[in-house]
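Notes for the one structure printed next.
Numbering starts at 1 and runs along the sequence shown.
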Amino acid sequence: MARISLEPRRGMVVRLGEMYARLRFGRVADPVRAIGHSPGVMVGLGLLEMAAARWHRVDPKLTHLALMASAARIGCSWCVDFGYWEAEHLGLPAEKIREVSHWRDSDAFSELERLVLDYAEAMTETPPTVTDELVARLQRHLDDAQLVELTTTISLENLRSRTNTALGLKSEGFSDACAVRPVLR
């Protein structure tokens with residue numbers, strides 16, 4: 001159960017946010033309802049999310065693996081649930097989706113995917129455990145602009161996952177439409 005009401009006052013900003021959510025995802029998800037209590041936060045995060053949706057220097061499938069690793073590390077059931085739904089829409093192979101939470105023991109991932117998953121987990125730790133050596137290994141595959149985009153995208157997932165977890169937002173069943181069900185560590 002959410003720790004705050006999911007029924008914000010439905011002013012213009014909230015109604016616009018709900019309309020956008022319905023167009024993009026087919027429904028108004030609990031995080032949208034929760035942030036509706038603060039229209040300024042809703043506008044700011046909405047603009048950030050719309051901008052982030054246009055970042056494409058890094059392969060979206062690679063980025064999504066990083067997002068799922070971060071959400072799983074934090075333990076955000078809402079983000080993992082939604083992440084499975086998004087992964088399926090991106091066309092990520094079911095085997096990779098299923099293996100994200102225990103990627104170190106899996107043969108499903110390429111060298112670059114393993115580096116990205118390691119980086120996402122290192123960024124998500126508190127405090128972060130990113131090393132110069134890990135970044136240098138990533139830089140063999142990614143240019144500086146790609147590294148900045150990947151880093152910022154993982155940071156955004158940390159914001160989402162930590163906010164949803166703190167507000168008590170749980171899985172809403174997005175993954176029910178998927179062939180593969182989420183597994184949290």
Side-chain angles (χ1 to χ4, degrees), residues 1-92 94 97-98 100-101 120-121 123-124 126 148-185:
M1 173 183 269
R3 293 184 176 115
I4 64 169
S5 163
L6 297 178
E7 298 297 328
R9 191 173 72 72
R10 297 191 68 247
M12 182 182 71
V13 170
V14 171
R15 288 192 312 270
L16 287 172
E18 290 173 345
M19 183 176 72
Y20 177 78
R22 280 189 196 94
L23 287 172
R24 181 117 192 261
F25 309 114
R27 63 176 154 170
V28 181
D30 287 350
V32 174
R33 295 178 198 284
I35 66 170
H37 288 288
S38 177
V41 171
M42 181 176 260
V43 169
L45 287 178
L47 291 171
L48 177 57
E49 290 287 0
M50 287 189 289
R54 292 186 197 99
W55 300 341
H56 293 294
R57 289 186 171 273
V58 180
D59 176 353
K61 291 178 182 178
L62 190 62
T63 299
H64 196 72
L65 290 173
L67 298 181
M68 292 189 67
S70 180
R73 175 66 68 172
I74 290 169
C76 178
S77 69
W78 194 95
C79 295
V80 170
D81 173 48
F82 185 74
Y84 272 73
W85 180 81
E86 279 191 308
E88 190 162 271
H89 285 83
L90 280 171
L92 273 166
I97 299 169
R98 188 175 22 257
V100 166
S101 63
E121 287 187 355
M123 279 188 62
T124 302
T126 303
V148 167
E149 182 178 300
L150 178 66
T151 301
T152 305
T153 304
I154 295 166
S155 295
L156 180 55
E157 182 55 38
N158 270 261
L159 170 67
R160 292 178 195 123
S161 291
R162 291 175 189 278
T163 299
N164 291 344
T165 301
L167 294 177
L169 304 180
K170 304 290 184 193
S171 169
E172 287 186 66
F174 279 94
S175 63
D176 291 345
C178 298
V180 179
R181 297 288 181 265
V183 178
L184 280 174
R185 292 167 10 123

From Ser161 atom OG to Arg73 atom CZ, the distance as rounded to the nearest 0.5 Å: 12.5 Å
Side-chain donor-acceptor contact under 3.5 Å, Thr124 with Ser70: yes
Taking every non-hydrogen atom, the tightest pair across Leu150 and Ala66: CD1-CB, 4.1 Å
Steps toward side chain to side chain contact (heavy atoms under 4.5 Å, CB included) verdict (Arg27, Phe174): CA-CA 10 Å; Arg27 63 176 154 170; Phe174 279 94; 3.3 Å; yes
From Ile35 atom CD1 to Leu6 atom CG, the distance as rounded to the nearest 0.5 Å: 11.5 Å
Sidechain-backbone polar pair: Ser77 side chain, Lys170 backbone, donor-acceptor under 3.5 Å: no
Side chain Trp85, main chain Asp81, donor-acceptor under 3.5 Å: no
Contact summary for Leu169 and Ala2, nearest pair of heavy atoms: CD2-CB, 3.8 Å
Short side-chain to backbone donor-acceptor contact, Arg10 and Arg15, under 3.5 Å: no
Heavy-atom side-chain proximity of Val14 to Arg9 below 4.5 angstrom: no
Nearest-0.5 Å distance, CG of residue Leu48 to CG of residue Leu156: 5.0 Å
Asn164 side chain reached by Cys79 side chain, heavy atoms, under 4.5 Å: yes
Side chain to side chain, Val58 and Thr153, heavy atoms closer than 4.5 Å: no
His64 vs Asp59, side chain to side chain contact (heavy atoms under 4.5 Å, CB included): CA-CA, chis, key distance, verdict: CA-CA 9 Å; His64 196 72; Asp59 176 353; over 6 Å; no
Shortest non-hydrogen contact from Ala53 toward Arg24: CB-NH2, 4.4 Å
Closest contact, heavy atoms only, Asn158 versus Met123: OD1-O, 4.4 Å
NZ/NE/NH1/NH2 to OD/OE distance under 4.0 Å, Arg160 and Glu157: yes
Tyr84 side chain vs Ile97 backbone, donor-acceptor pair below 3.5 Å: yes
Worked verdict on Leu65 versus Val100 for side chain to side chain contact (heavy atoms under 4.5 Å, CB included): CA-CA 7 Å; Leu65 290 173; Val100 166; 3.7 Å; yes
Parallel, tilted or perpendicular: rings of Phe82 and Trp78 (30°, 60°): parallel
Steps toward side chain to side chain contact (heavy atoms under 4.5 Å, CB included) verdict (Met42, Val32): CA-CA 8 Å; Met42 181 176 260; Val32 174; 3.7 Å; yes
Taking every non-hydrogen atom, the tightest pair across Arg33 and Val28: NH2-O, 3.2 Å
Heavy-atom closest pair, residues Gly91 and Lys61: O-NZ, 3.8 Å
Glu149 side chain reached by Ile154 side chain, heavy atoms, under 4.5 Å: no
pair Leu159-Leu45: side-chain heavy atoms closer than 4.5 Å: yes
Arg57 CZ: over 12 foreign heavy atoms closer than 6.0 Å: no
